[in-house]
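Structure record follows, encoded as structure tokens.
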Amino acid sequence: MTPGDEQAAALIAALAARGETVAAAESLTAGLVCATLARVPGASAVLRGGLVVYATELKAALAGVDPGLLAEHGAVHPEVAAQLAEGARDRCGATWGLGLTGVAGPSAQDGVEPGTVHIGLAGPGTPAPRLSGAGVAEPPTRGEASDVTVRTLALTGDRDLIRTESVLAAFALLGEHLA
């Protein structure tokens with residue numbers, strides 16, 4: 001059993017029981033969220049798909065992240081995570097969208113320290129509104145109405161540990177909203 005398998009199985013079961021689905025737009029995890037979910041038998045009933053948007057320009061081209069946001073704040077920013085989550089949800093037609101961006105290290109990226117991770121969750125009834133770059137609450141603007149919440153982490157460890165812990169944190173965030 002690998003890290004995240006138990007959490008993934010619990011998410012798959014909860015989503016299936018609710019008749020809901022999930023998709024992810026992943027940067028620093030490069031598909032690890034979807035790969036971990038897909039290891040669970042029955043995942044095909046709830047896992048709609050994923051976008052690996054490791055390159056900054058793909059965040060805009062594939063996930064719909066505002067290019068102006070990327071130019072102003074870089075790829076590792078809470079609003080980028082929010083827009084990745086919305087993009088995954090919209091483009092894959094899922095009930096829930098996860099968006100992950102961060103720095104796995106060992107070096108800083110655009111002045112952002114390794115271990116900085118932002119995880120966005122878009123879906124029905126997520127409690128916190130999406131914030132603009134100026135910190136102002138904004139309603140969703142694309143596709144079906146959704147609420148977005150973002151969790152920011154400061155992780156320590158090597159690249160593999162930071163990426164694994166990011167997946168586990170994304171699963172925990174989604175799990176909290178399914179409980």
Side-chain angles (χ1 to χ4, degrees), residues 4 22-37 48-92 94 96-123 126-143 146-174 176-177:
V22 66
E26 303 181 60
S27 183
L28 87 150
T29 51
L32 192 56
V33 167
C34 290
T36 304
L37 289 170
R48 294 283 301 156
L51 308 166
V52 175
V53 290
Y54 208 73
T56 299
E57 67 273 10
L58 292 181
K59 291 168 181 60
L62 298 179
V65 175
D66 177 9
L69 173 68
L70 293 167
E72 183 177 350
H73 295 288
V76 183
H77 188 271
E79 179 64 11
V80 172
Q83 290 187 19
L84 286 171
E86 289 178 309
R89 182 178 189 234
D90 291 346
R91 283 161 170 72
C92 294
W96 298 94
L98 288 165
L100 293 89
T101 187
V103 182
S107 302
Q109 176 184 333
D110 298 328
V112 179
E113 290 301 313
T116 302
V117 176
H118 304 292
I119 302 170
L121 175 66
T126 50
R130 181 168 56 92
L131 298 179
S132 71
V136 177
E138 296 180 348
T141 57
R142 295 186 307 270
S146 70
D147 294 311
V148 181
T149 190
V150 176
R151 183 165 293 165
T152 296
L153 310 172
L155 302 173
T156 59
D158 64 16
R159 286 181 61 80
D160 286 339
L161 183 59
I162 289 170
R163 293 175 70 237
T164 299
E165 291 296 321
S166 297
V167 170
L168 297 177
F171 288 173
L173 181 60
L174 177 56
E176 290 166 19
H177 288 86

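The figures that follow rest on heavy atoms only: side chains count, while hydrogens, waters and symmetry mates do not.
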message: Quick one, Leu84 and Leu100 - any side-chain contact, counting heavy atoms below 4.5 Å?
response: no
statement: For Glu26 and Val33, the nearest pair of non-hydrogen atoms, with its separation, is OE1-N, 2.8 Å
field: Asp66 side chain near Gln83 side chain, heavy-atom distance below 4.5 Å
entry: yes
statement: Nearest heavy-atom approach of Leu69 to His77 is CD1-ND1, 4.2 Å
field: Under the side chain to side chain contact (heavy atoms under 4.5 Å, CB included) test, residues paired with Leu62 that sit two or more places apart
entry: Val53, Leu58
- request: Walk me through it: do Val80 and His118 pass the test side-chain contact (heavy atoms from CB on, under 4.5 Å)?
  value: CA-CA 8 Å; Val80 172; His118 304 292; over 6 Å; no
message: Tell me the closest heavy-atom pair linking Ala23 and Ala88, and the distance in Å.
response: CB-O, 3.6 Å
- line: Interatomic distance, CZ@Arg91 vs CZ@Arg48, rounded to 0.5 Å, equals 14.5 Å
message: Could you go through Asp110 and Val76, starting from their C-alpha distance and side-chain angles, then the distance that decides it, and tell me whether this counts as side-chain contact (heavy atoms from CB on, under 4.5 Å)?
response: CA-CA 8 Å; Asp110 298 328; Val76 183; over 6 Å; no
field: Residues in side-chain hydrogen bond (donor to acceptor under 3.5 Å, both in side chains) contact with Ser27, at least two apart in sequence or another chain
entry: Lys59
message: Which heavy atom of Glu113 sits nearest to which heavy atom of Ala108, and what is that distance?
response: OE2-CB, 4.1 Å
message: Would you compute the distance between atom CD1 of Ile119 and atom CG of Leu98 and round it to the nearest 0.5 angstrom?
response: 8.0 Å
- line: Closest non-hydrogen atoms of Leu173 and His177, given as atom of the first, atom of the second and distance, are O-ND1, 2.9 Å
task: With the side chain counted from C-beta on, respond yes when Glu79 and Glu72 share a heavy-atom pair under 4.5 Å apart, and no when they do not.
output: no
- request: Indicate the atoms forming the closest heavy-atom contact of Gln109 with Val103, along with that distance.
  value: CB-CG2, 3.8 Å
Side-chain donor-acceptor distances from residues 155-166 under 3.5 Å, at least two apart:
unit_1	atom_1	unit_2	atom_2	d
Asp158	OD1	Asp160	N	3.3
Asp158	OD1	Leu161	N	2.8
Arg159	NH1	Gly105	O	2.4
Arg159	NH2	Tyr54	OH	3.2
Arg163	NE	Leu28	O	2.9
Arg163	NH2	Thr29	O	2.8
Thr164	OG1	Asp160	O	2.9
Ser166	OG	Ile162	O	2.7

